[in-house]
Amino acid sequence: MRAITRKLFRDLFHIRSQALAIALVIGAGVAMYVLMLSTFASLNLTQRTYYDRYHFADVFASLKRAPNRIAADIARIPGVAIVDTRVVVDVTLDVPGVRAPVTGRLTSVPEEHRPLLDDLALVTGRWIEPGRLDEVIANQKFADANHLAVGDTIAAVINGRRRDLRIVGLALSPEYVYAVRPGELVGDESGFGILWMGRRALSNAFQMEGGFNDVTLSLMPGASPEEVIGRLDRLLEPYGGLGAIPRARQLSNFFLQSELDSLNGIGRVVPVIFLAVAAFLLHIVLSRIVSIQRQEIAALKALGYGNWEVAWHYVELSLLVGAAGSLAGVAAGAWMGRGMTQIYTQFFQFPLLEYQLPARVVVEALLIGGAAAALSALDAVRRVLQLPPAEAMRPEPPATYRVSLLERTGLRRWLSQPSRIVIRNIQRHPGRSLLSMIGMAFGGAILIVGLFTIDSFGVMMNVQYNVAQLYTAMITFVEPVSASAAQEIERLPGVVQAEDFRSVPVKLVAGHWSRHVAITGLPVPSRLDRIIDAAQKVVTLPPDGLVLSHKLASVLHVKPGDRVTVDVLEGARPRRQVVVSALVDEYIGMNAYMQAGALHRLMSEGDSLSGAFLLIDPLRLNRLYASLKATPKVAGVTLKAAERENYEKTLLQSIGITRTVTIVFALIIAFGVVYNTARIGLSERARELGTLRVIGFSRAEVSYILLGELTIITLVAVPLSLLIGYGLAAGVVHVYDTEVYRIPLIVTARTCLEAAGTTIVATLISGWLVRRRLSRLDMIAVLKTRE
Amino acid sequence: MTPAAARGAVFRIRGLSKVYHMGEVEVSALRGVDLDIYDGEFLVLLGHSGSGKSTLLNIIGGLDTATTGSVAYRDHDLTHASDAALTLFRRHHVGFVFQFYNLIPSLTALENVELVTEIAEHPMGAADALRLVGLADRIDHFPAQMSGGEQQRVAIARAIAKRPEVLLCDEPTGALDITTGSTVLGAIARVNEELRTTVVVITHNAAIAEMADRVVTLSDGRIASEHRNAVRQSVENIKW
Ligand SMILES: Nc1ncnc2c1ncn2[C@@H]1O[C@H](COP(=O)(O)OP(=O)(O)OP(=O)(O)O)[C@@H](O)[C@H]1O
Ligand SMILES: [Mg+2]
């Protein structure tokens, strides 16, 4: 090994603890990049091949009923490639061993061939046999959750009659990668069963022969989904069309896509913070080394080493640190990516989700890690190049100091000598001190961004389950029923209280903007399902007019007092003008509310009802379940307890991991900054501190000079971290402001304390480590070495 | 003509001046120096502090460039040489000994010498160089584990290991006591005698001048006097 290379490694060894701290920060950034982008790549590739191979549709539409010949008309819409019509019906299922009624979605599949669009990935068993009316293929996750296997039988209440359905196969569908009921955020594996049934059998059971109530389309390359949807909606209008949606708004795809987007987004933003901080730290360390080694550099040049040769020596030093961090980061990122992909297999239902680490991601990760390191060496290189070799002959001139601003304001008399030293030191490198504060603040800030969503989801859940929805179960009827029919339900055993609601599918139009939503008509006052605004106050519905959620109003560009056109998509499909009377801030979905009476007037109908919220006596739950399973009118039962349990299970699972990873990453960045700041301070002032010790200052007084500076930087960094963290959190809230859900900006005192705690813990550890070095400071040696 | 002069000039310095600009103030470190330095010669530069000795040595060693005037090393013109050319000049022809040793603290004695032998054209073995200065048994010691005199001898070994044509020493004994100082000077004199290396030594100590072939005294950036020693004293005979 060449002597100059040996010097490189000895220098590196000399700064090993600082190098390690910086390599960790680089490693954290690179790991984040690899974690997010490799998981993204795995998920993205799986999604694309799945969608391709199983012909995931581009446009989805539901309607009441249209004759099969309409399919040909749809196929003639310019831009449409393939049309596949289906029958889709929601029913109540009676699953063996499960007491509660389960929502089932029966979707027709052709008996003779595979569906043209949205084909199934058959995991076990076989396809439906033509002519067998009782055969179904079940969604695999649902079957697993309920311990069902091929050959088992489940009962469905079909048109008032219990029918036994035999499971002949288990499958997955690209339509249900994330199997979630509309209006919910988390899938209910055991409570939401998707079953595929022969087209003839299903049409038979629901009098759909010769017709369809659901259609999916694939488009020609380059076709505009909006145009096709416009024409499709007009075509289906006479057949009770409920408004078509593009793939982007298909619920399962929406969740999958927003997960992909956030992986990609986080993977490209967060590492930048880490690498910028690391580059800054490495820059300080290298600059410090160059100034310590000023005479070594000059001597090397005098001995005949070229300018660039010497400069490259320092670039190598930074690249070694960068490489160590990057390689460790790639390994850690790949390891975490594997784990994260594992977690995703529980959320998303893919035939095969395998983790893969694309070479491109690794190369990019190493490049950005290396780039950060190289960038940090720029100043060192500049200084090496500028240093005249004749300098080797001369000792370094003393550093220049000024009387600080703070002292000039007249405070000087009140400051002890050590305090003056502290303040002058900070002021000597104002830019560096400021950047140290900002860098340190990012530790706490990252903690806030990582953890605030936990509180936000907590608030969402609390509002949803403890304030807004006070019912135990929600039932929906197959068709709107009369008030007297609804009362039958309410007289079922175990129902303590019931509240009817009306729900009408509509298209709201305001100017150029429109959305398909449901208007929910509620009694006044509504006690079991309350409308709650962001301030957690109950909103009372006005006698007339619409109450819209903020998001819906902003999508439609309307405000209270504006009129919107309501195209009803049910019954006689009237078109009405309605005034928006109030807005309400809600977290889930895009909702529109009216008083039930007003909605009935709008529909020109009597007391027609779509469903009911029930408060149930827990002791008589089983009897009620039994009766509900047998009630033909009931299309679906949603149990709040089950829903809530799912939320909590899903959230808790990710919270633990998120919390740990975030805290570790935040600590790494905070510690990296504080520790390096402290060590640089020690290095720059070792002589000064040694001298003070020699002239009689105590160890504590000398420590104060060094740690005082750290303390001041920390004191500024803590509030700064809260500010930056809050700002970043607001950015995240903004990104997640979607039509499906929004998250509130909740930064609790606890999160703030944790953020401040991270910074302070990092300072304490660094302070302690540096203090130990300070105690070992050899006064004589310090005074002997020349700098 | 002395035997040394007969061998021809290694350095030919003509009208050399150097001006440092420090803000408003201009400092003239050298004001028109004419000097020839001959092959194999032992030259001592005397002069009080600030007279321009280091400046002159730095310029002839290719560490610095003149403001006006010219310096030629054999048939190379150093005055207009590029940075890269000066680097090669230093690498292949010059050995430096600095007042403050300037060893690399993270490298051992041997490695400090290897630093130079690895980039030189016809170096001697690094261990041999250390043996020449009497440090054969210290080759694995780090600078911090050696006395000032030992460090300076490592610096001399480092300077001579490449078998330079010229050895330039700026106050090599400035930081040393008498005995170590004479060991160091002895090492330098041996290099001059045994390897026929041209040596230029800056010193404040007029006694050392007795070791030289020729003594040049600078004053205020000019050559104030120059004289040739009829007999060169050996180190042991010098009275400090
Ligand atoms: N880099 C520089 N910038 C400005 N002035 C300089 C610089 N280097 C040297 N000088 C000035 O040039 C003059 C000559 O300096 P030089 O170092 O050559 O003196 P010297 O004879 O070696 O003195 P000493 O015996 O103290 O080492 C001095 O006045 C010095 O202040
Ligand atoms: Mg000098």
Side-chain angles (χ1 to χ4, degrees), chain A residues 1-16 19 289-290 292-314 316-317 384-397 400 683 686 778 780-787, chain B residues 18 20 29 53-55 57-59 61-65 82-108 110-121 126 142-144 148 155 158-159 161-162 164 168 170-171 174-175 202:
Chain A
M1 199 192 291
R2 297 183 65 199
I4 190 150
T5 315
R6 233 172 277 159
K7 167 179 176 327
L8 180 69
F9 284 114
R10 299 225 175 105
D11 285 348
L12 189 61
F13 182 74
H14 188 69
I15 57 159
R16 61 193 175 279
I289 291 177
V290 166
I292 292 176
Q293 299 191 347
R294 225 168 127 265
Q295 289 183 314
E296 290 177 50
I297 293 163
L300 283 173
K301 288 188 181 184
L303 295 174
Y305 281 83
N307 253 333
W308 286 103
E309 228 173 326
V310 181
W312 177 245
H313 179 70
Y314 293 91
E316 278 178 314
L317 189 63
V384 168
L385 292 182
Q386 278 176 2
L387 191 71
E391 288 288 313
M393 311 291 190
R394 273 190 296 271
E396 190 176 13
T400 46
S683 151
D778 179 348
I780 322 271
V782 160
L783 294 182
K784 252 175 38 184
T785 54
R786 265 176 339 100
E787 271 189 11
Chain B
K18 174 79 183 178
Y20 288 109
K53 305 180 296 289
S54 296
T55 307
L57 196 78
N58 289 351
I59 292 173
L63 285 179
D64 211 342
T65 46
S82 68
D83 188 64
L86 285 179
T87 301
L88 284 180
F89 167 64
R90 295 196 300 267
R91 177 183 293 208
H92 298 308
H93 305 291
V94 186
F96 275 108
V97 178
F98 312 107
Q99 181 180 358
F100 297 111
Y101 332 137
N102 288 71
L103 299 180
I104 306 295
S106 55
L107 296 180
T108 61
L110 185 74
E111 289 161 353
N112 262 288
V113 180
E114 282 172 348
L115 205 55
V116 164
T117 57
E118 278 161 0
I119 59 169
E121 270 173 337
F142 283 93
R158 184 173 69 178
K162 68 168 78 156
L168 306 178
D170 193 346
E171 298 186 44
I202 292 178

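Order of the sequence lines sets the chain letters (A, B, ...), proteins ahead of strands, with each chain counted from 1.
- A donor-acceptor distance shorter than 3.5 angstrom exists from the side chain of Y305(A) to the backbone of L115(B), with no hydrogens or angles considered.
- Heavy atoms closer than 4.5 Å to chain A are found in the side chain of D83(B), but not in its backbone.
- For L110(B), no part lies under 4.5 angstrom from a heavy atom of chain A.
- Interface check for chain A: of the options T108(B), L86(B), L107(B), the most heavy-atom pairs under 4.5 Å are formed by L107(B).
- Highest contact tally toward chain A, considering only A126(B), S106(B), P164(B), A120(B), is held by S106(B) [criterion: heavy-atom pairs under 4.5 Å].
- Each of E114(B), E118(B), E111(B) was evaluated against R2(A); a single residue qualifies, E118(B), per the side chain to side chain contact (heavy atoms under 4.5 Å, CB included) test.
- The shortest distance between side-chain heavy atoms of I4(A) and I104(B) does not fall below 4.5 Å.
- When all heavy atoms are compared, the tightest approach of A302(A) to F96(B) is O-CD1, 3.4 Å.
- Contact record, T87(B) with G304(A): CG2-O, 3.3 Å, taken as the closest heavy-atom pair.
- For residues 6-16 of chain A, heavy-atom neighbours of chain B at less than 4.5 Å comprise R6(A), K7(A), R10(A), D11(A), sorted by residue number.
- Neither the backbone nor the side chain of Q293(A) comes within contact range of chain B; no heavy atom of the residue lies under 4.5 Å from a heavy atom of that chain.
- Taking all atoms of both residues into account, the shortest heavy-atom contact from L103(B) to E296(A) is O-CG, 4.2 Å.
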